[in-house]
Structure formats: C-alpha cells, structure tokens
Amino acid sequence: MELSEQKQIRRESLEGLRKMGIDPYPPDLYAVNATTCEILEKFPLDASLFQDVSIAGRIMARRIMGGASFVEIQDSTGKIQLYFKRDELCPGEDKELYNTVFKRYLDIGDIIGVKGFVFITKMGEVTIHVKEYKLLSKSLRPLPIVKEKEDQVFDAFTDPEQRYRQRYLDLIVNPHVREAFIKRTEMVNSMRRFLNEHRYLEVETPILQPLYGGAAARPFVTHHNTLDLKLYLRIANELYLKRLIVGGFDGVYEFSKDFRNEGMDRFHNPEFTQMELYVAYKDYEWMMSLVEEMVERIALDLHGTTAITVGDNVIDFKRPWKRISMYGIIQEYTGEDISDLDEKTLVTLAKKLNVETDPTMGRGKIIDALFGTLCEPHLIQPTFITDYPIEMSPLAKKHRSKPGLVERFEAICNGKEICNAFSELNDPIDQRQRFELQMELGKRGDSESMVLDEDFLRALEFGMPPTAGLGIGIDRLAMIMTNSPSIQDVLFFPQMRPEVR
RNA sequence: CUCUCCGUAGCUCAGCCGGUAGAGCAGUUGACUCUUAAUCAACGGGUCCCAGGUUCGAGUCCUGGCGGGGAGACCA
C-alpha cells in the first residue's frame, strides 16, 4: 500500500518514539480523576479544586509558540485546553521531552494522559497546566480538521457517506452526533423504566425463525447447517410474545432488532428496532392511554417539556392526544363519509380525489391509500387513528360494534406512524380463517402476505386471555426525539453498499 | 426500480468558453515561553471515482459503470 505523506510522517514519528524507549501503545491503565466537563463546570465556582488532576483524551488542536504551547484535548464529555511549558516539563538541560516528543512526534489525533493543576489563562480560559504527560495511543491517520470560533463552525465534516461509513470520525469531530446517540439511549432507558415500573417482563425471543410472522413484509432468508434448515430473520416478535401470554405472563415486552428485506430510504433501514408489548386482560382503548402516558413521560425525561421541536414544527406530546377513527379522519380531510361505500364506489372516489389505485387493491387497501396520501402527511401533532378495515389487520380482533373493522390504532406524529396496536385476536378459529385469507393473497402473488403458523394457532387453541398488543418503532421515535431528519442519523451504522477500495 | 444532484490534496471547497491543477485548514522546516479559526516565513503534497469515446489536447464535453445525497415508486 502506498502511504500518503502525512501517514508516512506519522509512522516515522512512531519509530522515533520507539527508538527513544517510548511505547506508543502502553499496556497499563491510565488513572483519571476528572472529566473535562466537570472541570469546566466546577472550577470557575471554586478555584481550590482540581489542583492535582489527571485526565486523558484525544488531541484536537495544537498551538505551539516556541517554548510554550496550548493543546486542546477531548474526552467523552467535551474539550479542555492544556498548557505545556518547556522549562517546567524539562527543568534540566535535556529538553527532549518537550522539543522532540511533544513538538515533533505528537500529532492531532493522538491520545494522551496528563497530570497537572487547573488555572485560568489571561484570556480567561479554564486550562490545565501540565506537569507530566504520557502518550497513550499514537494515531497514524490524519483526522478531519474542524475549527470553530464563537459558535461558527469552519470546514465542518459533513460528507454523509464518510460520516456513515466512518462513524467513529463523525463522533470524534461532530459533538452533536454524540449527543443524538446519547439521547437515543436515554429514550430507550426511559421507556424500559416505564415498562418495568408497570411490572412487565422484559423477554427475548428467537431472531432465527423457521416461519416468519407478525407483520406484512418480505423476510431475509438464511440457512442452518446442522439442521439443514431454511430459516428467516424475524420481521416482528408478535407471534412469539403472544405465545408467552398464552403461557401465563400478564405483560411481556421486548426491544428487538427486526429485519425486512425491502427498500431503503430516509425512514427505512433493513434492520431496525421495535419495542413490542403485550398485556393480558386489556384492550386497545387501554393501550392508547398507556402509549400517551409513556411517550409523554419520555419527552419529559429527555427534554424537560412535552413540546419538542422537530424540523419546522413544535410537537406537543402532552396528554390527551386527539383520537379519531379512520373513517372520521378521512371525512375530516375529504368531506366524504366512506363508512358505507363499497369497493366500486371507493375506486371512483379515489379517482376523483387523485389517489392512485389498482385493480388488485381490495376495500381495505383503497381506504389505506386514501388515508396515506390525503390525511397522514398532515397529522403533525400526535394523533390516534382507530378502527381499521379488517382486510389489513389479520392479527387484530374484530371490532366490538362496527362490522368490517378491527380494534386497532396507530399513533401518527410528524406525518408518520410511530406505533401500531390492537386488541389481539384470540379466537383461534377466526385467526385460522384470517391466515387462510392471507395464504390466498400469497398465491395471487402478494410477496408480503403472511404465512400460516400452525404452532401459533395451536397455542391460541389452548386459550389466550384478551390481550392488548403494541409495536412502537424505536428508530422513528428517536428521529422525533432528537430532531433528526433521517433514520441514518439515529443508527450508528446504517446499511451501506460495500466500499470499493 | 425511475428521476435528480454530487464525487478534485488528509478535511472543506474553487477550477470560466476544452489548453495540461488551485485556496484555506491540516502536514514539513524555521521563528515565537498565556495562545485560542494563534501568528509570521518558506516548502512538500493529486489515479481530478472508474472505463470507454469525441478532440491535436478532457478535471471540464459524450456514453456506460461504481459510490453517495435528495425526491418518487414500492413499502410500514
């Protein structure tokens, strides 16, 4: 491999250090007793603190003025300035530790540990006066250089391809990226705390499944050698979690990576995270209240307020959220009452409203198309849409009073679905018929139709209590909670084509 | 899959009507013992994404491909 000039020079520095007896990758731990954030916060209030401080981090900038230098290092909490003075680091005749090791062989990107005391410079900046330093790891590649002054950023590292492929660089150089991912984790923690407070049991179910189910999607296929068995990566957890409700748990939930072999865009990654929750003896009305309470709590935990800025909008998660039926919202946006319209009339209506349909679409799909194009994009504030056509929901229970509908809701927010829930279908005979209907669709060429799961039906036949179920898209919710326009901004390593070298 | 924009130094970008590659930062060397986008001086650094084509001559024009962004299609 041919090395660029800068890489070559760094390798020469590495050799130079070794010749001087300095291990560029020392094995022992480096004891740290403070973080940059702590120092910056507390020192201005009490200057007697941090007089014997030990800290470690990556060199982000160097300003060398002959016999004295300022260096910025960054740890996981932020950046702080260091002050190196030649005659203090090297009190005797031998000035190598400053002139050669520090000035010549150290670079931006190297990781060092320093000990010293904190003071404030003439310019008023909290700074560590370094009494000793140690190289902890030598960097052999030049880092992207981002500079800033008074909140203005210069030469920002913005190329999306490099940011996603080399996320570590993005994290080193763009502090807001780290913030977003920390927020995501806090969001998951908040949700988990909420669920645990309710005494629901966090469980794990198989990712490798001989039959996939629980959603309408195309799966990834793999193969197990010993069993010589075709296996699918799960597209949803639903059917396994319901088996656990049959088994007698009152409430189970799982944070799960699911996999769908479909298109990718700003809202879709082939692998994504869902949280699914199933609670016995509850229904979808009850679940709506739980979702409101949970998401409101998350917003408060993350932002201290229920009102969150997302793009150009402020979204308020304060309870209660608007609840409206599918027919109701379509009437609101089109003025048409479609509740009694048959398929033929609906096709005519769709044409009139410039919504595309095709002959394979049944009544349910047409209604979904009307909703998806005419209503959903306008729903910015959190809104529950309830009571979906039965054709689109083969795992949901028939509506208690409205024929042709099921007891299902989705929460829409910022023009996108954030969760999907229903009163779970626990009538095994009805469930079998719905599966059979799906198999029919499959035979007609619907690649996303569900397959019949005989073991799941067997479980239902033993009896499942009435149950409310919920699936909530963690990535989608994280996008909202971190004000990220793309799913790639809330996934550390979004799927990419392999890099050609 | 379709449309569209982009791909030039480690990073951010300029490069006109086609005439043989440029800046800032970063790097190297030197000066500078409280700087902060440090400063000053000098220097080095390029598979212009890849492959063809047109042309005396291509970073630039054309065709195809690769990679990425955005929009749509499909899809939750």
Side-chain angles (χ1 to χ4, degrees), chain A residues 2-10 12-13 60-72 79-90 95 98 103-104 107-109 119-127 129 139-166 169 172-173 214-218 235-236 258 260-270 272 274 356 358 365 368-369 372 376 392-393 410 412 416-420 446-448 471-473 475-476 485-488 494 496-501:
Chain A
E2 211 144 293
L3 292 178
S4 73
E5 187 192 29
Q6 294 200 47
K7 284 186 206 162
Q8 239 166 341
I9 287 166
R10 283 171 182 241
E12 284 161 18
S13 299
M60 299 303 287
R62 299 205 301 162
R63 292 182 282 277
I64 296 174
M65 298 153 300
S69 303
F70 289 93
V71 170
E72 278 168 30
K79 285 185 203 169
I80 196 164
Q81 181 172 262
L82 309 177
Y83 179 60
F84 285 71
K85 195 171 180 180
R86 181 199 284 149
D87 294 338
E88 287 189 26
L89 284 163
C90 315
K95 304 293 186 193
Y98 182 87
K103 263 170 70 172
R104 191 184 165 85
D107 289 290
I108 289 173
F119 73 111
I120 293 183
T121 64
K122 284 176 189 164
M123 301 299 287
E125 178 149 352
V126 175
T127 300
H129 191 120
S139 165
L140 296 181
R141 284 174 185 262
L143 222 50
I145 304 291
V146 180
K147 299 225 170 189
E148 52 195 293
K149 184 184 191 179
E150 284 150 16
D151 292 334
Q152 264 184 287
V153 177
F154 300 85
D155 300 335
F157 181 64
T158 52
D159 177 22
E161 181 169 358
Q162 289 195 80
R163 287 185 47 221
Y164 301 148
R165 285 194 199 280
Q166 295 177 264
L169 288 183
I172 290 169
V173 145
R218 296 165 67 186
I235 58 172
D258 290 344
R260 297 188 184 174
N261 207 341
E262 291 165 352
M264 297 164 57
D265 60 34
R266 209 150 70 75
F267 295 98
H268 300 264
N269 195 64
F272 63 102
Q274 269 202 103
E356 269 186 60
D358 69 71
K365 277 227 169 193
D368 191 54
E376 197 177 25
M392 316 196 51
S393 315
E410 292 188 353
I412 312 293
K416 279 274 165 191
E417 171 206 344
I418 57 170
C419 77
N420 181 18
D446 184 347
S447 58
E448 291 175 345
I472 181 160
D475 312 288
R476 297 270 179 89
S486 166
I487 199 169
Q488 296 171 112
M496 290 249 165
R497 284 205 154 79
E499 192 175 6
V500 279
R501 295 183 149 267

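Just so we're on the same page: letters track the sequence lines, and every chain starts at 1. Just so you know, these numbers come straight off a predicted model, no measurement behind them.
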Which part of the nucleic acid, if any, lies within reach of [X] when heavy atoms closer than 4.0 Å are counted: base, sugar-phosphate only, or nothing?
X	result
A:Arg62	nothing
A:Glu150	nothing
A:Ala215	nothing
A:Arg260	sugar-phosphate
A:Phe157	sugar-phosphate
A:Ala156	sugar-phosphate
A:Asn420	nothing
A:Arg218	nothing
A:Glu262	sugar-phosphate
A:Arg497	sugar-phosphate
A:Glu5	base
A:Arg165	sugar-phosphate
A:Tyr98	nothing

It should be established whether [X] places a side-chain nitrogen or oxygen under 4.0 Å from OP1 or OP2 of nucleotide [N].
X	N	result
A:Gln488	B:G69	yes
A:Arg104	B:U29	yes
A:Arg63	B:A38	yes
A:Lys147	B:A26	yes
A:Lys149	B:A37	yes

Look at the side chain of [X] and decide which nucleotide, out of [options], has an atom nearest to it.
X	options	answer
A:Thr121	B:G69, B:C32, B:U36	B:U36
A:Thr158	B:U12, B:U36, B:G69	B:U12
A:Glu72	B:A26, B:U36, B:G69	B:U36
A:Ser486	B:G70, B:G69, B:C11	B:G70

* Give the intermediate values and the outcome of side chain to side chain contact (heavy atoms under 4.5 Å, CB included) for residues A:Ser139 and A:Arg10. => CA-CA 8 Å; A:Ser139 165; A:Arg10 283 171 182 241; 3.3 Å; yes
* Asked: When the ring planes of A:Phe70 and A:Tyr83 are compared, do they come out parallel, tilted or perpendicular, using 30° and 60° as the limits?
  ->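 Aromatic pair A:Phe70/A:Tyr83 classed tilted.
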Could you check how far [atom1] of [X] sits from [atom2] of [N], rounded to whole Å?
X	N	atom1	atom2	value
A:Arg86	B:U35	CZ	P	17 Å
A:Asp107	B:C25	CG	P	18 Å
A:Gln162	B:C6	CD	P	18 Å
A:Glu161	B:C11	CD	P	12 Å
A:Asp368	B:C74	CG	P	12 Å
A:Ile120	B:U36	CD1	C1'	15 Å
A:Met123	B:U39	CE	P	13 Å
A:Met65	B:C32	CE	C1'	8 Å

* Could you tell me whether the side-chain ring of A:Phe70 sits stacked on the base of B:A38, using a centroid cut-off under 5.5 Å and a plane angle under 30°? =>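 It does not: the ring fails the test against the base of B:A38.
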* Asked: Taking any strand in view, what nucleotide pairs with B:G59 in a Watson-Crick or G-U wobble way, both distances under 3.5 Å?
  ->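 Partner of B:G59: none found under 3.5 Å.
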* G-U wobble or Watson-Crick pairing nucleotide for B:C1 (cut-off 3.5 Å, both distances) ->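 Pairing partner: B:G72.
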* Donor-acceptor pair under 3.5 Å, A:Asp155 side chain vs B:G24 base ->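 For A:Asp155, whose side chain was compared with the base of B:G24, there is a donor-acceptor pair (under 3.5 Å).
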* Is a donor-acceptor pair below 3.5 Å formed from side chain A:Gln81 to base B:U35, judging by atom type as modelled? ->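 Yes, the side chain and the base share a sub-3.5 Å donor-acceptor pair.
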* Nearest-nucleotide 5' precedence on RNA chain B, A:Ile145 against A:His129 ->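 The 5'-side residue here is A:Ile145.
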